Protein chains: 2
Amino acid sequence: MTDRVRTVRDPDPAQARSLVEEGIERDAVVTLFGRCTVEYDGRAASTLGPGDRLVVLKPDGTALVHTDEGQQPVNWQPPGCTHEPAVEDGQFVIFSERTTPEEFLTVRFEHVDHAGALDGSDPSALDLTGTEADLKERILADPDLVESGFEPRATERDTPAGAVDIYGEDADGNAVVVELKRRRVGPDAVGQLTRYVDALERDLHAEVTVRGILVAPSVTDRARKLLAERGLEFVSLTPDPGTALSE
Amino acid sequence: MTDRVRTVRDPDPAQARSLVEEGIERDAVVTLFGRCTVEYDGRAASTLGPGDRLVVLKPDGTALVHTDEGQQPVNWQPPGCTHEPAVEDGQFVIFSERTTPEEFLTVRFEHVDHAGALDGSDPSALDLTGTEADLKERILADPDLVESGFEPRATERDTPAGAVDIYGEDADGNAVVVELKRRRVGPDAVGQLTRYVDALERDLHAEVTVRGILVAPSVTDRARKLLAERGLEFVSLTPDPGTALSE
DNA sequence: GTCTTCATGTCGGAT
DNA sequence: ATCCGACGTGAAGAC
């Protein structure tokens with residue numbers, strides 16, 4: 001069951017380099033654990049002094065440097081990078097590089113405690129529910145959830161300000177812009193809705209009233225005031241019919 | 001140099017459970033590689049069919065499930081969760097749980113190819129430059145970069161719409177709101193600046209002219225038009241003096 | 001705890 | 001390639 005995994009304990013720099021090089025060659029997920037320093041230069045720049053970290057190299061060109069804390073890596077490179085393992089000044093080093101924008105990551109190991117090349121395959125795709133797309137489906141299946149008599153006319157309708165989540169008409173024939181959010185919203189979402197409503201009013205030559213409705217589970221105080229100031233409306237709705245939050 | 005690392009190849013479920021339990025007990029970073037399925041339920045919900053993945057458990061309660069692609073984990077739990085290794089129906093399983101909000105993650109292994117408990121310490125902090133804070137410092141050190149005669153009066157000045165990055169006065173005594181962005185900005189930043197300017201105009205009782213200036217390396221077309229519509233201004237500046245982008 | 005905003009955000013989709 | 005907005009965004013700071 002396993003020649004899918006090759007690991008080394010306390011490899012010397014040459015051994016580490018060899019395992020990583022072969023791992024990359026074989027499209028394996030490569031893991032390293034040991035004392036290292038990290039330098040990054042690109043969109044921003046950073047340095048990180050010595051410490052024990054877990055480094056992961058993926059066959060798609062991703063690099064991750066994880067400390068013992070936090071969900072996010074302390075340093076990283078996105079997919080599409082080229083990783084170059086090397087021995088320099090007697091140390092095992094990984095150089096990682098990308099272009100557009102140019103970014104460089106260097107991980108320099110004082111000591112490698114453990115190195116692994118993990119070979120596998122992953123045919124499955126994630127199935128996720130409770131997203132904004134689900135909220136949209138929910139409304140299209142029952143537009144009255146927004147307002148009695150609401151009739152969707154288009155989704156992703158283009159305006160000079162961008163695409164509107166749901167565009168439609170109310171019972172009186174007014175244009176309605178609906179902006180969807182899967183979770184509680186703040187002022188930013190009001191800004192978005194404002195831009196769409198303004199753009200549509202311009203587009204429709206002021207012959208039609210354009211209403212803006214923000215649909216989300218709930219809204220912060222500041223956002224509610226902003227909505228009021230700008231004559232926009234709010235409807236409480238979650239992506240999941242089972243979850244009914246108080247407004 | 002190494003009783004800091006304990007690893008097992010092809011552990012049976014009981015061995016995997018034992019190593020993970022001891023690893024958690026010792027505040028180690030635990031890694032697992034093998035064929036597994038993943039279920040998540042919480043703010044949203046997801047299922048993931050069988051595939052080979054790398055699972056990382058951190059002593060702070062973080063869990064990460066990484067496939068062979070992408071910078072982001074396919075599933076995860078944030079810091080503060082409790083991880084419970086178990087053997088169920090002859091399979092090694094990790095249950096992870098958090099509260100506020102309640103979220104559950106279950107990783108069920110068909111086979112574990114490799115398991116490791118990695119013990120280390122990390123005393124170093126990341127030193128990062130090229131951030132919005134650096135851009136702010138740059139301007140405070142030389143306010144003329146925004147405009148000749150500009151005089152900062154406060155940073156993070158509070159308004160009913162939130163805190164303004166830099167608040168000051170121009171050579172004519174007009175109030176100036178400066179919104180900083182470390183990189184090229186889109187319509188969202190204009191919305192932000194708009195909210196601050198509107199709030200300040202209200203606050204200052206329309207006795208003073210309030211100018212809004214967006215400072216960033218560059219701006220998208222749509223954002224530029226929005227700025228023009230709303231009588232706001234743009235100044236091109238990067239966080240790093242060395243990097244001078246064309247507007 | 002909630003609220004607000006920054007981020008080397010990342011990611012996907014459309015142009 | 002850039003632009004735009006969603007994300008189980010995460011993380012930090014203020015209140």
Side-chain angles (χ1 to χ4, degrees), chain A residues 40-46 62-63 65 69-80 98-105 126 128-136 156 158-159 161-165 179-189 191-192 195-196 218-223 239-240, chain B residues 40-46 62 69-80 98-105 126 128-136 156 158-159 161-165 179-189 191-192 195-196 218-223 239-240:
Chain A
Y40 155 73
D41 196 9
R43 288 167 292 176
S46 72
T62 301
V65 182
E69 289 184 342
Q71 180 179 133
Q72 298 305 131
V74 63
N75 281 112
W76 69 90
Q77 288 280 63
R98 76 184 283 212
T99 53
T100 9
E102 273 209 327
E103 292 196 295
F104 304 92
L105 183 74
L126 185 72
L128 180 69
T129 60
T131 63
E132 183 180 301
D134 293 308
L135 179 54
K136 184 196 292 181
E156 309 303 322
D158 250 333
T159 76
V164 169
D165 283 339
E179 173 61 27
L180 306 174
K181 294 292 169 192
R182 69 168 299 280
R183 64 173 193 176
R184 184 173 176 85
V185 295
D188 52 337
Q192 224 181 312
R195 297 203 309 273
Y196 297 150
S218 60
V219 63
T220 67
D221 230 33
R222 196 115 84 190
D240 178 6
Chain B
Y40 154 73
D41 196 10
R43 287 168 294 175
S46 72
T62 301
E69 289 186 339
Q71 181 177 140
Q72 297 305 131
V74 64
N75 280 110
W76 70 90
Q77 288 280 64
R98 77 184 284 210
T99 54
T100 13
E102 273 211 327
E103 294 196 293
F104 304 92
L105 184 74
L126 185 72
L128 181 69
T129 61
T131 64
E132 184 180 301
D134 293 308
L135 178 55
K136 184 196 292 182
E156 310 301 322
D158 249 332
T159 75
V164 168
D165 283 340
E179 173 62 28
L180 307 173
K181 293 295 169 191
R182 66 170 300 282
R183 65 170 197 176
R184 183 173 177 85
V185 295
D188 52 335
Q192 224 180 313
R195 297 203 311 273
Y196 298 150
S218 61
V219 64
T220 67
D221 231 31
R222 200 170 276 173
D240 177 5

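Each chain gets a letter, A, B and so on, in the order the sequences are listed, and its residues count up from 1. Every value quoted in this text rests on a predicted model; they were computed, and no experiment measured them.
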Over all atoms of both residues, closest heavy-atom pair of B:Lys181 and B:Ala189: CE-CB, 3.9 Å
Under 4.0 angstrom between B:Trp76 side-chain N/O and D:dT9 OP1 or OP2: no
Do any N or O atoms from the side chain of B:Thr159 and from the backbone of B:Gly162 form a donor-acceptor pair under 3.5 angstrom? yes
Is a donor-acceptor pair below 3.5 Å formed from side chain B:Asn75 to base D:dG8, judging by atom type as modelled? yes
Spacing of A:Arg184 atom CZ relative to C:dG1 atom C1', expressed in whole Å: 12 Å
Of B:Glu132 and A:Pro187, the one whose closest DNA chain C nucleotide lies more 5': A:Pro187
Could you work out which one of C:dT5, D:dG8, D:dA1 sits closest to the side chain of B:Arg98? D:dG8
Tell me the interatomic distance from A:Leu180, atom CG, to D:dC7, atom C1', rounded to whole angstroms. 15 Å
Sequence neighbours excluded, the answer for side-chain contact (heavy atoms from CB on, under 4.5 Å) partners of A:Arg182 is A:Pro239, B:Arg43, B:Ala44
Looking at residues at least two apart in the chain, or sitting in another chain, which of them share a side chain to side chain donor-acceptor pair (under 3.5 Å) with B:Arg98? B:Glu103
Derivation of the side-chain contact (heavy atoms from CB on, under 4.5 Å) call for A:Glu132 and A:Asp165: CA-CA 10 Å; A:Glu132 183 180 301; A:Asp165 283 339; 3.4 Å; yes
Same-atom distance (P) from D:dA11 to C:dC11, integer angstrom: 15 Å
Separation of atom CZ in B:Arg195 from atom P in C:dT4, rounded to whole Å: 9 Å
Could you list all N or O pairs between the protein and nucleotides 11-15 of chain C that sit under 3.5 Å apart?
| from | atom 1 | to | atom 2 | distance (Å) |
| --- | --- | --- | --- | --- |
| C:dC11 | OP1 | B:Gln71 | N | 2.7 |
| C:dC11 | OP1 | B:Gln72 | N | 3.2 |

Separation of D:dA1 C1' from A:Glu102 CD (nearest whole Å): 17 Å
Would you sort out whether B:Arg222 and A:Arg195 count as a side-chain contact (heavy atoms from CB on, under 4.5 Å), showing the intermediate values? CA-CA 11 Å; B:Arg222 200 170 276 173; A:Arg195 297 203 309 273; over 6 Å; no
Could you state the CG-P distance from B:Asp221 to D:dC3, rounded to the nearest angstrom? 8 Å
Let's see if you can work this out: which of C:dT5, D:dC4, D:dA6 has an atom nearest to the side-chain heavy atoms of A:Asp165? D:dA6
Taking atom C1' in both C:dA7 and D:dC7, compute the distance separating them and give it to the nearest angstrom. 13 Å
Determine the contact category for B:Ala223: base if any of its heavy atoms lies under 4.0 Å from a base atom, sugar-phosphate if only primed atoms, P, OP1 or OP2 are that close, otherwise nothing. nothing
Flag the pair B:Glu156 and B:Lys136 as a salt bridge only when some basic side-chain nitrogen lies within less than 4.0 angstrom of an acidic carboxylate oxygen. yes
If you check the A:Thr100 side chain, which of D:dG8, C:dC3, D:dA1 turns out closest? D:dA1
Nearest to side-chain heavy atoms of B:Arg182, which nucleotide of D:dC4, D:dC7, C:dA7: C:dA7
Could you say whether B:Tyr40 or A:Gln192 is positioned toward the 5' end of DNA chain D, judged by the nucleotide with the nearest heavy atom to each? A:Gln192
Nearest-Å distance for atom pair CG/P, residues B:Asp188 and C:dC6: 9 Å
So A:Tyr196, base contact, sugar-phosphate only, or nothing? Heavy-atom distance under 4.0 Å. sugar-phosphate
When the nearest nucleotide of DNA chain D is assigned to B:Val185 and to B:Gln77 on a heavy-atom basis, which residue is associated with the more 5' position? B:Val185
For the OG1 atom of A:Thr129 and the CG atom of A:Asp240, what is their distance to the nearest 0.5 Å? 7.0 Å
Output the distance between atom CG (B:Leu180) and atom CG (B:Asp134), rounded to the nearest 0.5 Å. 11.0 Å
Checking all strands, does B:Glu103 fall into the base, sugar-phosphate, or nothing category for heavy-atom contacts under 4.0 angstrom? base
Ignoring backbone atoms, test whether B:Arg43 places a side-chain nitrogen or oxygen under 4.0 Å from the OP1 or OP2 oxygen of D:dC7. no
Testing D:dC7, D:dC4, C:dA7 for proximity to the side chain of B:Thr220, the answer is D:dC4
Atom CZ of B:Arg222 and atom C1' of D:dG5 are separated, to the nearest Å, by 11 Å
At under 4.0 Å between heavy atoms, what does A:Glu179 touch on the DNA or RNA strands: base, sugar-phosphate, or nothing? sugar-phosphate
Can you check the distance between C:dT4 and C:dT8, where both ends of the measurement are the P atom (answer in whole Å)? 23 Å
Quickly work out the B:Lys181 NZ to C:dT8 C1' distance and round it to whole Å. 15 Å
Taking only side-chain N and O atoms of A:Arg183, does any of them lie within less than 4.0 angstrom of OP1 or OP2 on C:dC3? no
Base, sugar-phosphate, or nothing: which does B:Ala161 touch, judged by heavy atoms less than 4.0 Å apart? sugar-phosphate
